[in-house]
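Down below is the structure, laid out as structure tokens.
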Amino acid sequence: MGKRIRSVSNWTLSPEQVAYICDKQPEIMLEWGSGDSTKAFKRAGINITSIEHNEAMPNTGDGFRLVLPQIRTHYKPEMFIDWSDYIEVPDIFRYDTVLIDGECRGECLAYTAYHNPDATVYLHDTQRNLYRWALSMYEVVNVIPGRWEMQELKAR
């Protein structure tokens, strides 16, 4: 593996997971959910665009897209949160690598499988059952251990 990469947060990818992705040398990467790993990818020279919904997350500079969910009150129940602006990435076909580590992971998996089936996809926190429905659209290429499991996926 390449040079040692440290991670700071308990919620971020492990240094081994970050190094695994860096060693694959993505040309252009999309990430849902920015954080410490985003900074590590930038330091490694990866051209990355990070989509984030939380204004409190650190802005990682160029390629950072803050997309706040919209609250709709004309639906029943009275409050409905619309994440479509966060999930829909009109230029997703440009990315050879996609890391899903933010909100709406199942929806982001499905969107990617449909709009960019050739991308290499990494899903962090695969131990959660919330995404099982969307994982059926993929085959598992590799499981990268860490504090929280990450899977490398290819669309079926």
Side-chain angles (χ1 to χ4, degrees), residues 5 7-22 24 26 29-41 46 48-60 63-156:
I5 299 171
S7 59
V8 179
S9 168
N10 288 335
W11 300 105
T12 194
L13 277 64
S14 71
E16 295 79 17
Q17 291 168 335
V18 171
Y20 182 89
I21 293 173
C22 289
K24 295 288 184 166
M29 184 171 163
L30 173 68
E31 170 192 49
W32 273 288
S34 65
D36 293 329
S37 59
T38 313
K39 295 174 192 173
F41 293 133
I46 295 173
I48 186 168
T49 296
S50 185
I51 299 174
E52 179 56 51
H53 76 285
N54 183 349
E55 291 176 290
M57 289 303 289
N59 181 325
T60 56
F64 182 80
R65 298 182 191 173
L66 178 65
V67 182
L68 302 176
Q70 302 297 311
I71 296 183
R72 311 284 190 212
T73 57
H74 58 280
Y75 292 102
K76 296 291 181 195
E78 288 296 317
M79 186 177 286
F80 173 80
I81 299 178
D82 180 356
W83 287 89
S84 58
D85 288 342
Y86 174 83
I87 297 163
E88 295 172 8
V89 179
D91 59 349
I92 194 166
F93 59 88
R94 296 179 41 228
Y95 301 94
D96 66 321
T97 303
V98 175
L99 170 60
I100 301 173
D101 193 19
E103 295 297 317
C104 305
R105 293 180 197 193
E107 291 82 354
C108 293
L109 279 167
Y111 186 85
T112 303
Y114 184 76
H115 294 286
N116 190 355
D118 295 328
T120 297
V121 176
Y122 297 96
L123 175 65
H124 194 226
D125 300 324
T126 53
Q127 73 282 352
R128 297 177 182 168
N129 288 323
L130 297 170
Y131 330 118
R132 294 288 174 234
W133 65 272
L135 281 170
S136 66
M137 298 176 202
Y138 290 87
E139 64 181 71
V140 177
V141 174
N142 200 358
V143 175
I144 302 92
R147 182 180 178 119
W148 309 109
E149 183 182 275
M150 181 177 79
Q151 289 181 355
E152 179 179 4
L153 308 166
K154 263 310 203 193
R156 294 186 189 270

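Along the sequence shown, the residues carry numbers beginning at 1.
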request  = Evaluate the side-chain proximity of Tyr122 to Met29: yes if any heavy-atom separation is below 4.5 Å, no if none is.
outcome  = no
Contacts of type side chain to side chain donor-acceptor pair (under 3.5 Å), residue Glu103, not counting sequence neighbours = none
key: Within-4.5 Å side-chain heavy-atom neighbours: Ile21 and Met150   = yes
ask   = Is the closest side-chain heavy-atom distance between Lys24 and Thr97 below 4.5 Å?
value = no
remark   = Note: Pro117 and Ala155 closest approach over all heavy atoms is O-CB, 3.6 Å
inquiry  = Tell me the closest heavy-atom pair linking Cys22 and Ile46, and the distance in Å.
reply    = SG-CD1, 3.9 Å
request  = Would you name the heavy atoms of Arg105 and His124 that are closest together and state the gap between them?
outcome  = NH1-O, 2.8 Å
Results of side-chain contact (heavy atoms from CB on, under 4.5 Å) for Glu107 - residues two or more places apart only = Ile87, Cys104, Trp133
note = For Glu52 and Ser34, the nearest pair of non-hydrogen atoms, with its separation, is OE1-N, 2.8 Å
key: Verdict with supporting geometry, Arg65 and Asp91, salt bridge (Lys or Arg N to Asp or Glu O under 4.0 Å)   = CA-CA 13 Å; Arg65 298 182 191 173; Asp91 59 349; 3.1 Å; yes
request  = Working to the nearest 0.5 Å, report the span between CG of Asn142 and OG1 of Thr120.
outcome  = 11.5 Å
inquiry  = I need the His53 NE2 to Asp85 CG distance, nearest 0.5 Å.
reply    = 14.0 Å
query = What heavy-atom pair brings Ala134 and Ala110 nearest, and what distance separates the two atoms?
reply = CB-N, 4.4 Å
key: side-chain contact (heavy atoms from CB on, under 4.5 Å) partners for Asp118, two or more places apart   = Asn116
request  = Would you please test Ile100 and Val121 for side chain to side chain contact (heavy atoms under 4.5 Å, CB included) and show each step?
outcome  = CA-CA 8 Å; Ile100 301 173; Val121 176; 4.0 Å; yes
query = Is the closest side-chain donor-acceptor distance between Glu152 and Tyr20 under 3.5 Å?
reply = yes
ask   = Say you draw a straight line from CG of Leu66 to CG of Asn54; how long is it, rounded to the nearest 0.5 Å?
value = 8.5 Å
ask   = Between Thr49 and Glu31, is any side-chain donor less than 3.5 angstrom from a side-chain acceptor?
value = no
task = Can you measure from CD (Gln17) to CD (Gln151) and round to the nearest 0.5 angstrom?
result = 11.0 Å
inquiry  = Do Glu88 and His115 make a side-chain contact, defined as non-hydrogen atoms from C-beta onward lying under 4.5 Å apart?
reply    = no
request  = Taking the side chain as every heavy atom from C-beta outward, state whether Val89 and Ile51 have any atom pair closer than 4.5 Å.
outcome  = yes
message = Within the structure provided, determine whether Leu153 and Leu123 are in side-chain contact (heavy-atom separation under 4.5 Å).
response = yes
ask   = In terms of the angle between their ring planes, are Tyr86 and Trp83 parallel, tilted or perpendicular, with boundaries placed at 30° and 60°?
value = perpendicular
message = If the test is side-chain contact (heavy atoms from CB on, under 4.5 Å), which one of Leu13, Asp125, Thr12 qualifies with Trp148?
response = Asp125
query = Can you find a heavy atom in the side chain of Leu109 that is under 4.5 Å from one in the side chain of Tyr131?
reply = yes
inquiry  = Do Tyr114 and Ile92 have side chains that approach each other closer than 4.5 Å (heavy atoms only, starting at C-beta)?
reply    = no
